[in-house]
Amino acid sequence: MARKVRLLFVFFFSFTVLHALAARIPLVQASQPQVSFGENSTEFIRGRCGATRYPSLCYRSLAGYSFDVQQSPIQLARFATNLTLARVASISAHVASLRRACGTAKSASACPEAGALRDCADSLGDAVDLARRTAGELCGLEAEAAGSAAAVWRVSNAQTWMSAALTNEDTCVDGFEEVGPESRAKADVCRRVWRVKQYTSNALALVNGIVASR
């Protein structure tokens, strides 16, 4: 009888201790810091941007899209490419406007930048088309199976075209080498294109980063 009482006591004591411990576990877990989905996505963007040539610009320009990007290298490259496309299109329109204004000059001496503006407008027009093609390839990439021939082909095209867009931006700037430093149009265009080149370079780096992630 005494043995049964001792067994019941041990069982009751053990049950009470385990119950108390179980009741404390959720409290301990709840006190631990939780990382939200948004924070994960933001840190993902920060990490990817760290591999670009202009990481601060990359992060500032793309962090606001963390909800849509989630942790997808393809989506991140898409947003970077679309930002580049918008900026290249804007500077292309600006140079085209300067070119038209230059065309109304009464003499060649009144607009010594005429040839450089013409060539730059053509180069930037090509850059716009190339960035648009890159965006189109990335748009269809997620539907392709990773490692498939179609996926490899799309990424290769995106890399080639974005690289070519960057080359066309360089060509635009190179065309102003023969223009004197006193030219306001030269300073204006070169400054704007240099900024666009930073976006293009970052987009290209993020496109290249897709290869390692698939």
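Numbers for residues simply follow the sequence, beginning at 1.
Counting heavy atoms from C-beta outward, Asp129 and Trp161 have side chains that stay 4.5 Å or more apart.
In terms of heavy atoms, Ile45 sits closest to Ser66 at CD1-CA, 3.7 Å. Between Ala165 and Leu130 the shortest heavy-atom distance is N-CD1, 3.6 Å. Minimum heavy-atom separation, Leu85 to Ala131: CD1-CB, 3.9 Å. What you find for Ser201 and Leu166 is that their closest heavy atoms are N-CD1, 4.3 Å. Closest heavy-atom contact between Cys190 and Val173: SG-CG1, 4.1 Å. Between Ala151 and Ala145 the shortest heavy-atom distance is CB-O, 3.4 Å.
Atom OH of Tyr54 is surrounded by more than 12 heavy atoms from other residues, nucleotides or ligands within 6.0 Å.
Side-chain atoms of Ser61 come within 3.5 Å of backbone N or O of Leu57 as a donor-acceptor pair. Looking only at distances, no side-chain donor or acceptor of Ser156 sits under 3.5 Å from a matching main-chain atom of Val152. One N or O on the side chain of Thr52 and one on the backbone of Cys49 form a donor-acceptor pair closer than 3.5 Å. With hydrogens and angles disregarded, a donor-acceptor distance shorter than 3.5 Å links the side chain of Arg48 to the backbone of Gly209. Judged by distance alone, the side chain of Ser148 and the main-chain N or O of Glu144 form no donor-acceptor pair under 3.5 Å.
Follow the hydrophobic side-chain contacts under 4.5 Å out from Ile91 and you reach Val179 in the same cluster. Leu138 and Val211 fall within a single hydrophobic cluster, where Ile, Leu, Val, Met, Phe, Trp and Tyr are joined by side-chain heavy atoms under 4.5 Å apart, directly or via other members. Linking Ile, Leu, Val, Met, Phe, Trp and Tyr residues whenever their side-chain heavy atoms come within less than 4.5 Å leaves Val128 and Phe79 in two separate clusters. In this structure, Ile210 is not a member of the same hydrophobic cluster as Met162, with clusters built from ILVMFWY side-chain heavy atoms closer than 4.5 Å.
In summary, the side chains of Ser41 and Gln70 do not present any donor paired with an acceptor at a separation below 3.5 Å, with no hydrogens or angles considered. For the residue pair Asp68/Gln75, the side-chain donor-acceptor check at 3.5 Å is not satisfied.
Salt bridge annotation for Lys197-Glu169: absent, with no cationic side-chain nitrogen under 4.0 angstrom from a carboxylate oxygen.
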For residues 118-125, please give each side-chain donor-acceptor pair under 3.5 Å, one per line with the distance, not counting sequence neighbours.
| unit_1 | atom_1 | unit_2 | atom_2 | d |
| --- | --- | --- | --- | --- |
| Ser123 | OG | Asp119 | O | 3.1 |

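Rounded to the nearest 0.5 Å, atoms CH2 (Trp194) and SG (Cys172) are 13.5 Å apart. In this structure, CG in Leu62 is found 5.5 Å from CG in Leu83, a value given to the nearest 0.5 Å. To the nearest 0.5 Å, atoms CG (Leu76) and CZ (Phe44) are separated by 5.5 Å.
Partner of Glu137 under the side-chain hydrogen bond (donor to acceptor under 3.5 Å, both in side chains) criterion, chosen from Gln159, Arg78, Arg154: Arg154. Test Arg191, Arg184, Lys186 against Asp188 for salt bridge (charged side-chain N to carboxylate O under 4.0 Å, His left out) and you get one pass: Arg191.
The list of side-chain hydrogen bond (donor to acceptor under 3.5 Å, both in side chains) pairs with a residue in residues 80-91, not counting sequence neighbours, reads Arg87-Tyr199.
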